[in-house]
A.B. asks: 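One structure, as structure tokens, below. Some questions next.
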Amino acid sequence: MSNGSPFRSFPDGPDGPDGPGAPDGAAGPDPHRTRRSSVTAMVVLAVLIPAGFTGWLLTRPGDGGGGGDPAGATARPSESRPAERAPGAPRPSDVTPGPAAGGDQPLAGRVVVVDPGHNPGNRDHPREIARSVPIGTGSKECDTTGTATDSGYAEAEFTLDVARRIRTLLERDGATVRLTHDGDRPWGPCIDERAEIGNRAEADAVVSVHADGAPSGARGFHVILPGRVREGGADTTAITGPSRALGEHVADAYARETGNAPADYIGGGSGLDVRSDLGGLNLSTVPKVFVECGNMRNARDAGEFTDARGRARTAEGIADGIARYLSEAD
């Protein structure tokens, strides 16, 4: 839209050269010339008025408006020219699709907590993350910095990126999704607080996103399930069954979406592992699993992690596994 006036400007107004502001001393009008001008003007008006009226009838807008366009020529919204993309705006292919046509949101009413493992700021807070917290079977440090690829891409950066992508996918299908942190705190939270966030949310499913730091020759993903723990204020009795179902769905969907094989160094090729030494699982009262998306020290796995398309496939696999679990958990 132009910022200028929509009206034409006329530099010679009423006080222009031919108006009342003409210079003093100009010659007066000739009476014979005035009569001839009057007759000429009447003839011109006699010709122009009917023609103008006919033109008005031909160009008069219809009842639906149209601003002078012929009747029926008004553009429909679907026929309008698409707006040009602003510089720096995402291309349509970069934008995650919205809800399915018809407003189908199969996860409406479901609550999911996604836990991005570690925190990029942990490295700057060694004292805070080193303090001990209870995990049911004993105690562990509040959190760690996590691992990294050989090129220096941090696990904490990877997990936060993937967690945000998972949130977008699940929210598209109607789920209420909460992250345990979203780059909004300088460090942490501690592992016991991470478990408590899922518990307070009464989440239908919790997934903690991680990547392993195994020897470079090891490759593949695995899902960690909670073992049976009943000590130190922890009791996983009620969640081991549903957590296994969640883990199996995630492992199956992850393999399908990413094309990656289960870990060749743990779990016997099943893609599943059971542990009782992780506070995030021991202290959970809702179905929860950890996903080790691969080995950051392995060149092929690291290539997936550092590629945005690889992270997108990772998020799709985890989100699809969660959705399939929730669809069968009624």
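This chain uses plain numbering: 1 for the first residue, then up along the sequence.
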A.B. asks: With a 4.5 Å cut-off on side-chain heavy atoms, are His222 and Leu272 touching?
C.D. replies: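 Not in contact.
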
A.B. asks: For residues Ala195 and Gly280, report the shortest heavy-atom separation together with the two atoms involved.
C.D. replies: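 Smallest heavy-atom distance, with atoms named: CB-O, 3.8 Å.
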
A.B. asks: Judged by atom type as modelled, is there a donor-acceptor pair below 3.5 Å linking the side chain of Arg110 to the main-chain atoms of Gly174?
C.D. replies: no

A.B. asks: Quick test of your reading: applying ring-ring contact (aromatic ring centres under 6.0 Å, His included), list the pairs with at least one residue in residues 138-178, sequence neighbours left out, ordered by first then second residue.
C.D. replies: Phe158-Phe305

A.B. asks: For residues 240-249, dump all side-chain donor-acceptor pairs below 3.5 Å to protein atoms at least two apart in sequence or in another chain.
C.D. replies:
from, atom 1, to, atom 2, distance (Å)
Thr240, OG1, Thr237, O, 3.4
Ser243, OG, Ile239, O, 2.6
Ser243, OG, Lys288, N, 3.0
Ser243, OG, Lys288, O, 3.4
His249, NE2, Glu328, OE1, 3.1

A.B. asks: Can you check whether Pro215 reaches Arg297 side chain to side chain, under 4.5 Å on heavy atoms?
C.D. replies: no

A.B. asks: Please check this pair: side chain of Asn298 against backbone of Arg300, looking for a donor-acceptor N/O pair closer than 3.5 Å.
C.D. replies: yes

A.B. asks: Would you say that Cys293 contacts Ile318 through its side chain, given a criterion of any heavy-atom pair below 4.5 Å between the two side chains?
C.D. replies: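 Sidechains of Ile318 and Cys293: in contact.
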
A.B. asks: Is the shortest heavy-atom distance from the side chain of Pro226 to the side chain of Asn282 under 4.5 Å?
C.D. replies: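 They are not in contact (no side-chain heavy atoms under 4.5 Å apart), so the answer is no.
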
A.B. asks: Is the shortest side-chain N to carboxylate O distance from Arg311 to Asp307 below 4.0 Å?
C.D. replies: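 No, Arg311 and Asp307 are not salt-bridged.
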
A.B. asks: For Glu155 and Ala211, indicate whether the former's side chain and the latter's backbone hold a donor-acceptor pair under 3.5 Å.
C.D. replies: yes

A.B. asks: Checking Asp192 now: which residues fulfil side chain to side chain donor-acceptor pair (under 3.5 Å) with it, not counting sequence neighbours?
C.D. replies: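 Per chain and number, Asp192 pairs via side chain to side chain donor-acceptor pair (under 3.5 Å) with no residue.
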
A.B. asks: Under a 3.5 Å threshold, yes or no: a donor from one side chain and an acceptor from the other, between Asp301 and Asn295?
C.D. replies: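 Not at all, the side chains of Asp301 and Asn295 share no donor-acceptor pair under 3.5 Å.
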
A.B. asks: Please enumerate all residues that pass salt bridge (Lys or Arg N to Asp or Glu O under 4.0 Å) together with Asp150, with sequence neighbours excluded.
C.D. replies: none

A.B. asks: Within this structure, what is the CG-CZ distance for the pair Leu169 and Arg164, rounded to the nearest 0.5 Å?
C.D. replies: 14.5 Å

A.B. asks: By ring pair (Phe, Tyr, Trp, His ring centres under 6.0 Å), which residues pair with His118, not counting sequence neighbours?
C.D. replies: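 By the ring pair (Phe, Tyr, Trp, His ring centres under 6.0 Å) rule, His118 matches His210.
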
A.B. asks: Write out all pairs satisfying disulfide (SG to SG under 2.5 Å) with one or both partners inside residues 105-175, taking only residues at least two apart or from two chains.
C.D. replies: Cys142-Cys190

A.B. asks: Show the nearest heavy-atom pair for residues Leu283 and Pro134, with the distance to one decimal.
C.D. replies: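 Looking at all heavy atoms of both residues, the closest pair is CD1-O, 3.4 Å.
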
A.B. asks: Any chance you could lay out the side-chain contact (heavy atoms from CB on, under 4.5 Å) test for Val291 and Ser208, step after step, and finish with the verdict?
C.D. replies: CA-CA 6 Å; Val291 183; Ser208 188; over 6 Å; no

A.B. asks: Quick one: pull up OG1 in Thr314 and CG in Asn260 and give me the separation to the nearest 0.5 Å.
C.D. replies: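 Result: 7.0 Å between the selected atoms.
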
A.B. asks: Ignoring hydrogens, what is the shortest heavy-atom contact between Pro262 and Ser270? Give both atom names and the distance.
C.D. replies: CB-C, 4.2 Å

A.B. asks: Could you tell me whether the side chain of Leu278 reaches within less than 4.5 Å of the side chain of Phe290, counting heavy atoms only?
C.D. replies: yes

A.B. asks: With rounding to the nearest 0.5 angstrom, report the CD to CG distance, Glu257 to Asp252.
C.D. replies: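 That separation rounds to 11.5 Å.
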
A.B. asks: If I compare all heavy atoms of Ala201 with all of Val111, which pair ends up nearest, and what's the gap?
C.D. replies: O-CG1, 3.9 Å

A.B. asks: Report the C-alpha separation of Arg165 and Thr168 in whole Å, then their side-chain angles, then the decisive distance to 0.1 Å, and conclude whether the side-chain contact (heavy atoms from CB on, under 4.5 Å) test is met.
C.D. replies: CA-CA 5 Å; Arg165 293 172 187 267; Thr168 297; 5.7 Å; no

A.B. asks: Transitively linked via ILVMFWY side-chain contacts under 4.5 Å: Met296 with Tyr254?
C.D. replies: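 Same cluster.
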
A.B. asks: So, using salt bridge (Lys or Arg N to Asp or Glu O under 4.0 Å) as the criterion, who are the partners of Arg178 when residues are at least two apart?
C.D. replies: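 Here no residue qualifies.
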
A.B. asks: Are Glu304 and Arg313 ion-paired here, with the side-chain N under 4.0 Å from a carboxylate O?
C.D. replies: yes

A.B. asks: Quick one: name the residues clustered hydrophobically with Ile191, using the 4.5 Å side-chain heavy-atom rule over I, L, V, M, F, W, Y, and just say none if it's on its own.
C.D. replies: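 In the cluster with Ile191 are Val133, Ile135.
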
A.B. asks: Could you state the interatomic distance from CG (Asn119) to CD1 (Ile129), rounded to the nearest 0.5 Å?
C.D. replies: 9.0 Å

A.B. asks: Tell me every residue that passes salt bridge (Lys or Arg N to Asp or Glu O under 4.0 Å) with Arg256, counting only those two or more places apart in sequence or in another chain.
C.D. replies: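 Testing Arg256 for salt bridge (Lys or Arg N to Asp or Glu O under 4.0 Å), a comparison that skips the adjacent residues, returns Asp320.
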
A.B. asks: Residues in side chain to side chain donor-acceptor pair (under 3.5 Å) with Thr145, at least two apart?
C.D. replies: none

A.B. asks: List in chain and number order the residues that pass side chain to side chain donor-acceptor pair (under 3.5 Å) with Asp264, two or more places apart in sequence or in another chain; answer none if no residue qualifies.
C.D. replies: none

A.B. asks: Val223 and Val206: same hydrophobic cluster, using ILVMFWY side-chain contacts below 4.5 Å?
C.D. replies: no

A.B. asks: Testing Val114, Leu179, Val162, Val112 one by one against Arg167 for a side-chain contact (heavy atoms from CB on, under 4.5 Å), which residue passes?
C.D. replies: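 When Val114, Leu179, Val162, Val112 are each tested with Arg167, the side-chain contact (heavy atoms from CB on, under 4.5 Å) holds only for Leu179.
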
A.B. asks: Go through it in stages, so that I can follow the logic: the residues are Arg194 and Asp143, the test is salt bridge (charged side-chain N to carboxylate O under 4.0 Å, His left out), and I'd like the CA-CA distance, side-chain angles, deciding distance and then a yes or no.
C.D. replies: CA-CA 10 Å; Arg194 292 172 190 262; Asp143 204 357; 2.8 Å; yes

A.B. asks: Taking the side chain as everything from C-beta on, heavy atoms only, tell me whether Asp212 gets closer than 4.5 Å to Thr147.
C.D. replies: no

A.B. asks: Are Ile224 and Ile266 connected into the same hydrophobic cluster when the rule is that any two of I, L, V, M, F, W, Y join if their side-chain heavy atoms are below 4.5 Å apart?
C.D. replies: no

A.B. asks: Tell me whether Val209 is reachable from Tyr325 by hopping between hydrophobic residues (I, L, V, M, F, W, Y) whose side-chain heavy atoms are closer than 4.5 Å.
C.D. replies: yes

A.B. asks: Would you say Glu141 and Thr144 make side-chain contact, with heavy atoms under 4.5 Å?
C.D. replies: yes

A.B. asks: As an exercise, state the distance from CG of Asp115 to OG1 of Thr180, rounded to the nearest 0.5 Å.
C.D. replies: 3.5 Å

A.B. asks: Just by distance, do the side chain of Ser284 and the backbone of Leu281 share a donor-acceptor pair under 3.5 Å?
C.D. replies: no

A.B. asks: Flag yes if Ile322 and Val177 sit in one hydrophobic cluster, no otherwise; membership is Ile, Leu, Val, Met, Phe, Trp, Tyr, and two members link when side-chain heavy atoms are under 4.5 Å apart.
C.D. replies: yes

A.B. asks: Looking at every heavy atom in both Pro186 and His125, which two are closest together, and how far apart are they?
C.D. replies: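 Between these two residues, the closest heavy atoms are O-CD2, 3.5 Å.
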
A.B. asks: Please walk me through it: do Ile197 and His181 pass side-chain contact (heavy atoms from CB on, under 4.5 Å)?
C.D. replies: CA-CA 10 Å; Ile197 290 170; His181 71 93; over 6 Å; no

A.B. asks: Okay, side chain of Asp161, backbone of Thr159: is any donor-acceptor separation there less than 3.5 Å?
C.D. replies: no

A.B. asks: Out of curiosity, Asp104 CG to Arg172 CZ, how far, rounded to the nearest 0.5 Å?
C.D. replies: 10.5 Å

A.B. asks: What are the two closest non-hydrogen atoms of Ala203 and Val113, and how far apart are they?
C.D. replies: CB-CG2, 3.9 Å

A.B. asks: Using the test salt bridge (Lys or Arg N to Asp or Glu O under 4.0 Å), find all partners of Glu193 that sit at least two apart in sequence or belong to another chain.
C.D. replies: Arg185

A.B. asks: Does the side chain of Ser276 reach to within under 4.5 Å of the side chain of Val229, using non-hydrogen atoms?
C.D. replies: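 Heavy-atom side-chain distance check passes, below 4.5 Å.
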
